[in-house]
Every structure is written in structure tokens, then in C-alpha cells.
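Below is one structure, written out as C-alpha cells, with a few remarks after it.
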Amino acid sequence: MSAIYRFLIILLPLIVLITYGAILIADKDDALLYFEPKEFPQFDLQDLEDREIDLAAFNGISLLNVWASWCITCLVEHPFLTQLSKNKITLIGLNYKDSQMKAKQWLGKRGDPYIFSIYDPRGDLAFDLGVTGAPETFLIFNQQIIGHIQGELNQEKWQSTFVPLINAATMLNK
Amino acid sequence: MIGEIAHFLALASALGLILALIFNAFFYSVGRHSNQDILSYKLFHQSCLLIFISFGLYIYLAITDDFSISYIANHSNSQLPIFYKITSIWSAHEGSMFLWIVFLTLWSTLFISSLSFKHPLKKGTMLMLTIIILGFLLFLLITSNPFERILPFGVLEGADINPVLQDPALAIHPPLLYLGYVGFVISFSFITAYLFHGDIHYPWEKDIKNWSFVAWIFLTIGITLGSWWAYYELGWGGYWFWDPVENVALMPWLAATAFIHSLFASSKSNILKTWTLFLGILIFALSLFGAFIVRSGIIDSVHSFANDPQRGLYLLGFSGFITLISLGIFAYRLPNMQSSKLIVTGSKESFLSMNNILMLTAIFSIFLGVTYPLILEFINGDKVSIGPPYYNTIFAPLILMTSIFIMISLEALWQRGMQARTLLIAVTPTFVISSLILYFIWYFVQIFSLLAYIGIYSGLLIIISYLLKGAISLKNKTYINKGSFIAHLGLGLLFFAVSMNSILSYQKNINLFLGEQQFINNSITEFKFLDLQNIKASNHDVVSAEIFIVHDGQPIYLNPEKRKYFARGQITSETAIYATALKDTYLTIGDQLDDGSWTFSLQINYFIKWIWFSSALMVIGILMTIFKKKIS
Amino acid sequence: MKLSTIVLFGCIFLAAYLPADAIYEFDNSVKEKRFYSLISEIRCPKCTSGSIASSDVPVSRDLKQKVYELILAGSTDKEIKTYVTDRFGASSDYKPALEGANYLLWFGPFIFLGILMLIFLSNRRL
């Protein structure tokens, strides 16, 4: 009987050790790949130019980028987004809790990488999407959200998180 | 220059410890006290001394604003009062690790010198302690060097310290906590040496009893201080959030409490030895686990030091290494340790066993709560959050069971069972009185919460049973352990106060213009926004409100503040509290709305003072136990 | 003094005592208690840890406002929590749902207790 206890007394701490070691070494970014696809929520908003929004824009692959003129990190992210749009990635903006005038000025000054930006002054759509601040970016495929990054989108995150998801989605659809 | 000296001393200390280790291990022979021993003891104590001098110099560097030291530049500032320059040393990873090592060394050198030269376990304990200190010292010097310089000239001024850290309670909370955490290295090492030595008849409990009590006191005070600070500073009116970092301090505390109880049985009637030995090892193992969790970056917490997995792996590996050594020796000796006597059901020992089981279950629950989210996310990416709702639900039944067993155990005898009749006569009054009080509480308060009522009832069972026992012993002039009496009253009071606080406390959000007043409820008949001032202090702007409140007829003036610090733009809220024995009137400023009015958050928190008082009672009880022998 | 003046002063005097618009104003205390209880169980999505009750960041305020509106609209606690977790993920509820692997979480401690008691009862020489 006591042999089992002696064995367990050594084994259990060892299991704890190995488990925590594994968790520590594990690459946290992989977790983002376990994303559960979600329907894009309904909304009743216009874009920054007061035009109606064509939901057909969400077909295929697109990125919904949450930004605002008051958001400093968005400035850092902007060049990369511009580069993406030049590489024919569809970018849709979600202007979050901002003034329409300041937002348009911001785009005017720095360039507009978005095909259009949804104007969400109260953050209603953002709330339904689960946005906690700016910048955040959603990966959309045929009106479904299949990825979500909080914080700045850069080459590294694009490569490690969004690209695999895009490949998986387009492969499934073939 | 001084920085280099301090650094050199730390390195020299490490070298000294390595030599002490080699000498000790090489010449280790059970029972012989030779010249080599003197050498290894000297090396050990002198290496410890070097660490103290090194830290002393480091304090000097901090006080004299030596901003060529990277850590001091990042965490201190020439405008700080001297007190905060010193306490900034342990405000982040490298410095607090240094403090941890200093305390480890302090406990070790004091304990080893308290053992006589001929003490059979002196060498073995010193060996274990040397390994542990060395492991952490090398960790410090290699991965987390507090002596690193900013070359070539350093910086002119330090970074601005987080204003939240400029608080006396928060400043001394780490040292007190560490003294407790780290103090149990003594029982860990001594027990390991004892088990390795193999002479099971040696009365080891006596040698570490008081050391363990003192460490327990520091741990209790450290945790309470953190809780107290959170209550009056953070503004949300709570004092415990079951944050992972709070949890990893609570787990050693639970193990330590079980240990000191088990120690009684072990030294008194030679029973529960295996339990006690195991617990003595577990406490420090949990402390090590705590250090790992906080410093590895594995858990997101407002408390944790920002860190990298490299450091985490070292800490995990090293902690695992020494824990497995200790437990390995324990497992090896297990058959020899079993008591020749059977534990009788219904005896005091059986209840102490039950107490140990419940404490271990509590520890396991917390461990599960901390580990489960990590494993789940690791396996399938699911995220789950565990907080007060989980822990309250799990702990309520555990606390009830504990209270019932405490109550029954008061009637139990050593090594003998109890008669059912005696038991019934003894506990029925407590059950009846407690139930009556609970009913009265429900009748007056008219609020029901299952978990809270379980907590209230548990607290009542303990308080009433001890009071009755105390009254009977006073009347019959029989013996009662006064320290235990006070400490357990403290425990019962803690359960009672925490539960009453949770059902009675309430909150109101108030919106007023300057000069306006409002009727809140029958208890708070007046709330008047008297004045608003904008003040400029040395490193921050202040918005200070003066509020007049009439609470249960008592006029109260409160001055909550909002501060904006220039350096980082950080905004903090200073809570204004008016505390009476029964309840705290707790007020924070919210924001100014677009229409110019201000919002306030008013909380009435009940029984807060009783919570702090219950912790004090527990500490006083243990102090009485330590000094009992000296008096009689 | 003219009657109208008295009435006017009376009104002003009374107005000072009328409850001004509280931020989260409830008509009954049950709803109010539910509100404060719920917001202490919903995790702040942006903070490293802590409930929305103890957090003042914009998304926490939005959430508190939403919970307030949903309570007034008659939603149950469960519905409100589902509303929040649908948007911010299962980790925004500090009370893990009783499903799947979470059974281990909720019952684990008591299974552990049972095992320890069995060990103790079968081996009295510890």
C-alpha cells in the first residue's frame, strides 16, 4: 500500500512540473488559430461619407480594422495597412467612438487604405463585435468572422495568425 | 564604484556558498564533527554576511540616486522621499528577488547559528539551505542582475515611479510577506535533513516550532496588509479578489496553518508524524510555486512582474528540483515514519487529520482554479475565467465542514474516542444558539444568500462553541489553551465578518451638481456636494471634492480626490472613508459629465473593521502560544 | 410675503431634495442588487484581471450600461451573461458554465476530498 503512496508523492509533483513547463514553452499565438467562426452582427450604420453600406463587401476575404483619430497605435499600424491594401487585400474600416469630421481629416492627412469606413460614433457595432479598444482587426470570410487580433496589426502577426487562417478558409471552400 | 563593490560582494558570496557546499557535501558523514565542518560553517555564515553587506550597499545606492544602475534608474526618482527610494527597490522583479534572497539568507543564518555545533542535523540543514540560497543567487546574478549599469554615464534622472506604489502599506507589504513565505525554508530544509539523517526518534518538532510560528505570523500580516491596502486604495470596496497572485500567497498560508496544528499532535502524542513532515515540505514548495507563477509571466495579473519564459523555466526547474529531492527523501523514509499507534476515530488526532485533509482540499481547489484555465487554453484554446464566484462556491461547504469539525473537536481527547452522549450534550447548545442567531439575522436583515449564510453559520459555530468552552472552563477553573482560544475566535470572526459584509454592503451611484444635495435612503438622509477644488501638487493635479453626508444621524465630511500625475498621465482615485465599528462610509469621485455635474460612487461596507480585527486576533493567539512557555 | 414667492421658494427648496438622475437608477432594490451582483461577475475584457465593477475603462462602462439596460428591459441574469459572452467570449463570465471539462473544475475539489478521506480511513497510521 505504501508503495503506491511513495510513487504518487514523486509522480504528482513531476506531473505539475512537466505541465507547467509545457505551458511555459508553448507558443501562445497558436491559441488564436482555435478561433470559433462567428456570424457578422447586424448593424444599422452608414459609412464616413454617409453612404449606405453594401454587405457584399464582406464576401470573400476582407479585414475589418477598428481605428480612430484619437488612437495613437493606429498611426503606427497605418503604413502596414496601406501596404496590405496595395497588395489587393480588402480593408474595411470601423471608425470607433470618433468625430466624423476628425476621422475624415485623419484619413485625408494620412491616406485611406479602406474601401470605406463604417462610422460607429457610439461603438454599437464595435460592442456587438466584442471590441475592447483600438486598434483591433477582424478577419472576415464570406460574412463570417474567422479571426481577431487585438492591438497593432503588423507583418509578424499577419504572417503567423491571419495568413494560416486565410489559407485554411480558402482551402475549405474549394 | 559602490555598485561594483556591491556586485562583487554578491559574486563573492555565491563563490563562498559554492565552496561551503562542496566542503559540506564532501565531508558529510553522519555523526562526525570535524574541522572541515567548522570551515564549511564559517564559509556559510560569511557568505551570508556578504549578501547583507551587498544589499546594504544597494540601499545606499538607491538613497543616493545612483542612476547609473539600470534598475534604480527605472524604478526610483530623485524627488521621492527617502522611504520610497528604499521601498522602490522591491517594486519590480530584480530588486524584489534580491530582497527575497536577503530574507532567505537571514532566516538561514539565524537558524543555523541557533543550532549547537554538535546538533546532528546542523550539517544537513545547512547543506539544503546552501543549495537553495545558491540556486536563487545564481538566478539573480545570471538572469536578473540588479547591478547592471547603464553605460557609459547612466541617466540624469530616474523614471517616475508608479504613484500607486507610493503608499506606506503597499511599500511594506512585500517585505512582510516575503519574511513569511521564505521563513518556511527552515522547516523545509530541517525536515529534509531529518529524513535524510534517518533517526526517527529525534524530537525535530521542538527545534522548528517557534521558527514556524514566527514565519506564520509574518505571512498572515503580509497577506492582511495587502488586503487592507487593496480596500482603502483601489476604490472598488473589495479586499480579496482571488487573483492568481493572491492565491499563491494563500496556499502556503493554508499549508502553514495545517502544519502548525499538526505539529501539536506530532510533538504531543507522536502521531500524525507523516502528515506533519509532508506539510512542512509542502509549505515552502508552494512558496516556490508562487514565486514561479508571479515571475514567469505565465499568468496575466495586475500583480505579476513582467517577465520572460526563460526566467520562468529556470525558476520552475530549480523549484521542481529541490522539491523532488525533498519529497524523494520523504517517500524513501515513508515506511519508517508510520506511527505504531492507530489513530482512534473521534480522538483529537483524528480531527487534526480531518483538518489537514480539509486544508489540503482547500489548497487543491485554489491550485485547480489557478491551473485549470492555463491547461484548458493550452489544450484547445478555450479561455475560461475563474474568480470569486468559483472560489466562494467551493469554499463555503469546506468552511462549513471545517467549522463543524472544529466545534466537535473541542470535546475530543487525545488518543481516545468520544462518547456519543457526551458529544451530543456538548454540541447541541452551540447548534441551537447559532441557529437562533442566524434566524435573528435573517429576520432583521431580510436578505438571503446561501453562500453567505453558510459562512455566517460557520463563523457562529466556532465563536459560540469557543465562548461556551471558555465560560465552562472559567467556572470550573479548568485548563484552557488561551492562545488557541483567541486565535480560533479570530477565525470564527473572520468567517462571520466576511459573510456579513457580503450580504449587507451596498452601493449607490450618485449624480450631482456642485452645491446640490440629495436624499439617498432612510439611512443616508443627506448627501451634499459642498465644494470642488482644483489643486496643483508637486507631481500631480488634484480634483478634490468636499461632501457632507448624514449617515444614521451622524454628520460626516468626506474628501475624495482624483489625481492626474504629470509624468505618465496616470489618473488615480483617492477614496475617502469614514469608518465606524459596524460599517464604513466609502466614497470615490467618478467623472464630470457633459452637463457639468459630477458622479460619485458611494458604498456602505459593513463589518470591515471586524475583518482586520479577526486577523489581529489570530496573530495575537499565536503570539500567546509562543510566549506561553516563557510565562509559565 | 406673496403666496407665489413662498410657493416658488418652496419648489426650489424641494427640488434640492428630489433625487437627481442617478447613473444607474432602479425602481426596485431587487433589480439594483442584481445589477451590482452581475457586474462583479463579468470580467473586464480589457483589463489583465478584475470585474467590470472595479474597472473604469470605456469598454467596462459600455458593458455596465448595457447590463443596466438589459435588466430594465426584463432580461434574466442568464440571458444577460449569454449576451455578454456572445460578444466578448466565454472568459468574460467569472462563473464558468457547467459543461464539458468544467465538470472537473466544479467537482474536482470534492472528488479530491473524498479520495483523501478514503485514504485516511483505510490507513490510520499516518
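Per chain, numbering begins at 1; letters A, B, ... match sequence-line order. The analysis underlying the following values was restricted to heavy atoms, covering all of them including side chains, and did not include hydrogens, waters or symmetry mates. This structure is a prediction, so every number in the text was calculated from the model and none was measured.
At a 4.5 Å heavy-atom cutoff, the contact between C:F110 and chain B is made by side-chain atoms alone. With a 4.5 Å cut-off on non-hydrogen atoms, B:P397 touches chain C through its side chain but not through its backbone. Using a 4.5 Å cut-off between heavy atoms, B:L593 contacts chain C through its side chain alone, with no backbone atom that close. The part of B:F241 that comes within reach of chain C is its side chain, from C-beta onward, which places non-hydrogen atoms under 4.5 angstrom from that chain. Proximity to chain C (any heavy atom under 4.5 Å) is restricted, for B:S505, to the backbone atoms N, CA, C and O. Looking at B:K528, there are no atoms closer than 4.5 Å to chain C (heavy atoms on both sides), in backbone or side chain. Interface remark: B:T345 contributes backbone and side-chain atoms alike to the contact with chain C (heavy atom separation under 4.5 Å). For chain C, the nearby part of B:L376 is the side chain; its heavy atoms alone come within less than 4.5 Å. If you measure heavy-atom distances from B:D591 to chain C, the contacts under 4.5 Å come from the side chain alone. Contact annotation for B:S365: both backbone and side-chain heavy atoms come within less than 4.5 Å of a heavy atom of chain C.
B:Y586 and B:Y232 have their aromatic ring centers separated by at least 6.0 angstrom. Under the 6.0 Å cut-off for aromatic ring centres, B:Y231 and B:W240 do not qualify, their centroids lying 6.0 Å or more apart. With ring centers used as reference points, B:F548 lies 6.0 Å or more from B:F529.
The residues C:K78 and C:D93 are annotated as not salt-bridged, no charged nitrogen and carboxylate oxygen being separated by less than 4.0 angstrom.
Pairing each heavy atom of C:I71 with each of C:F26, the nearest pair is CG2-CE2, 3.9 Å.
No more than 12 heavy atoms of other residues, nucleotides or ligands sit less than 6.0 Å from atom NZ of B:K564.
To the nearest 0.5 Å, the span separating CZ on B:F364 from OG1 on B:T371 amounts to 9.0 Å.
A donor-acceptor pair shorter than 3.5 Å cannot be found between the side chains of B:N509 and C:Y68.
When each of B:V384, B:I357, B:L368, B:V344 is checked for heavy-atom pairs under 4.5 Å with chain C, B:I357 comes out on top. Counting heavy-atom pairs under 4.5 Å between each of C:I115, C:L104, C:L116 and chain B puts C:L116 at the top.
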